[in-house]
Amino acid sequence: MQEQYRTLAREGVHEIEINKSRFLCALAPVANESEAQDFIARVRKEHPTARHHCWAYVLGADGGVQKASDDGEPGGTAGVPMLQMLLRREVRYVVAVVTRYFGGIKLGAGGLIRAYGGVVGEALDALGTVTRQRFRLATITVDHQRAGRVENDLRTTGRAVRKVTYGADVRIEVGLPEAELDAFRAWLADATAGTARLELGGEAYGEAREAGQV
């Protein structure tokens with residue numbers, strides 16, 4: 001698995017106008033091809049009178065799935081430059097749909113390439129990106145007396161607390177970078193006087209913490 005990847009911070013739309021043609025770029029984070037296609041279909045329904053709904057998406061932390069469509073524009077002038085912009089910005093698990101309302105003035109192949117790629121780049125700048133890091137899933141089991149402090153320390157240091165379950169003891173599910181496991185074990189033992197248990201599970205991706213957090 002990739003150690004980390006960058007993806008879109010939030011769904012949104014960015015618009016530009018070139019020679020009276022309107023280009024509306026709708027971006028969304030998606031988990032799979034089904035979600036990407038559903039988003040494309042949704043944008044089409046929102047703009048039924050537009051001439052073109054060109055799209056591109058990149059899936060997989062390694063960018064293993066890459067698809068694009070010119071949707072009636074001259075071949076290679078829309079979907080490909082959109083896809084290239086997503087790859088150039090190194091974003092993953094994202095779909096872009098550019099809806100064009102033709103303004104009556106032809107832009108030529110070069111103009112279309114610049115417009116479609118450019119609006120995707122501007123939309124990424126406007127909406128922002130986040131980095132997601134590979135984590136090892138782990139469960140901390142601790143007594144009720146110490147649980148509140150442990151949970152608070154985890155959250156204030158930016159740890160990915162996924163779930164807290166109260167029973168005879170308290171179980172706190174967290175995501176931990178693999179490289180920090182030994183240091184985390186030592187911190188947990190010190191914080192709980194050696195009373196807490198740490199069980200390791202599988203792997204998942206979560207939002208990366210800022211550098212320097214313990």
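Heavy-atom basis, side chains included; hydrogens, waters and symmetry copies ignored.
A ring-centre distance under 6.0 Å is found for Tyr205 and Tyr5.
Val98 is listed as a side-chain neighbour of Met82, based on a closest heavy-atom distance under 4.5 Å. Side-chain contact between Arg146 and Thr195 is present, with heavy atoms from C-beta onward closer than 4.5 Å. Counting heavy atoms from C-beta on, the side chains of Val174 and Leu154 come closer than 4.5 Å. Within the 4.5 Å cutoff, the side chain of Lys67 has heavy atoms near those of the Trp55 side chain. With contacts defined as side-chain heavy-atom distances shorter than 4.5 Å, the pair Val30/Asn32 does not qualify. Proximity of Val170 to Thr141: side-chain heavy atoms (C-beta onward) are nowhere separated by under 4.5 Å. Using a 4.5 Å cut-off on side-chain heavy atoms (C-beta onward), Phe39 and Glu11 make contact. When side chains are defined from C-beta on, Glu199 does not count as touching Glu173, because their heavy atoms never get closer than 4.5 Å.
Using modelled atom types, no side-chain atom of Asp70 and backbone atom of Gly72 make a donor-acceptor pair closer than 3.5 Å. Glu151 places no side-chain N or O within donor-acceptor distance of the main-chain N or O of Ala147, the cut-off being under 3.5 Å. In terms of modelled atom types and a separation under 3.5 Å, the side chain of Thr129 and the main chain of Ala9 share no donor-acceptor contact. The closest donor-acceptor contact from the side chain of Asn19 to the backbone of Ile105 lies at 3.5 Å or more, if one exists at all. Checked by atom type and distance alone, the side chain of Thr77 never pairs as donor or acceptor with a backbone atom of Glu73 at under 3.5 Å. Of the possible polar contacts, one joining the Thr7 side chain to the Arg92 backbone as a donor-acceptor pair under 3.5 Å is found. In this structure, the side chain of Arg44 does not engage the main chain of His52 through any donor-acceptor pair within 3.5 Å. For the pair His53 (side chain) and Lys45 (backbone), a donor-acceptor distance under 3.5 Å is absent.
Leu8 and Val13 fall into different hydrophobic clusters, defined by Ile, Leu, Val, Met, Phe, Trp and Tyr side-chain heavy atoms under 4.5 Å apart, directly or through other members. Both Val120 and Leu87 are part of a single hydrophobic cluster, where members link through side-chain heavy atoms under 4.5 Å apart.
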Item to check | Worked verdict on Asp143 versus Arg197 for salt bridge (Lys or Arg N to Asp or Glu O under 4.0 Å) | outcome: CA-CA 10 Å; Asp143 60 60; Arg197 297 196 310 274; over 6 Å; no
Checklist entry - Does the salt bridge (Lys or Arg N to Asp or Glu O under 4.0 Å) test come out yes or no for Asp38 and Arg42, once each step is laid out? => result CA-CA 6 Å; Asp38 286 347; Arg42 194 178 92 200; over 6 Å; no
Item to check | Worked check of side chain to side chain contact (heavy atoms under 4.5 Å, CB included) between Phe23 and Ile18 | outcome: CA-CA 8 Å; Phe23 293 85; Ile18 301 175; 4.2 Å; yes
Checklist entry - Step by step, would you call Glu33 with Val65 a side chain to side chain contact (heavy atoms under 4.5 Å, CB included)? => result CA-CA 9 Å; Glu33 288 201 69; Val65 177; 3.9 Å; yes
Checklist entry - Do Arg134 and Gln4 pass the side chain to side chain contact (heavy atoms under 4.5 Å, CB included) test, and can you show the C-alpha distance, the side-chain angles, and the key distance before you say yes or no? => result CA-CA 6 Å; Arg134 183 166 64 92; Gln4 62 182 32; over 6 Å; no
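From Leu59, atom CG reaches atom CD of Glu35 across 9.0 Å, with rounding to the nearest 0.5 Å. Interatomic distance, CZ of Arg100 versus SG of Cys25, reported as 15.0 Å (0.5 Å rounding). A distance of 9.0 Å separates CG in Leu200 from OG1 in Thr139, rounded to the nearest 0.5 Å. Interatomic distance, Leu83 CG to Cys54 SG, rounded to the nearest 0.5 Å: 13.0 Å. Here the straight-line distance linking atom CG of Leu24 with atom CD of Glu17 works out to 10.5 Å at 0.5 Å rounding. Put simply, CG on Asp182 and CG on Leu176 are 11.5 Å apart, with the number rounded to the nearest 0.5 Å.
Side-chain polar atoms of His47 and Thr99 form no donor-acceptor pair below 3.5 angstrom. Side-chain contact check for Gln66 and Tyr57: no donor-acceptor pair (N or O, by modelled atom type) lies under 3.5 Å.
Judged by the 6.0 Å and 45° rule, Arg22 forms a cation-pi pair with Tyr101. Under the 6.0 Å distance and 45° angle rule, Arg51 counts as a cation-pi partner of Phe102.
With respect to Glu180 and Arg159, a salt bridge is recorded, a charged nitrogen being found less than 4.0 Å from a carboxylate O.
Residue-environment remark: CZ (Arg162) stays at or below the threshold of 12 foreign heavy atoms within 6.0 Å.
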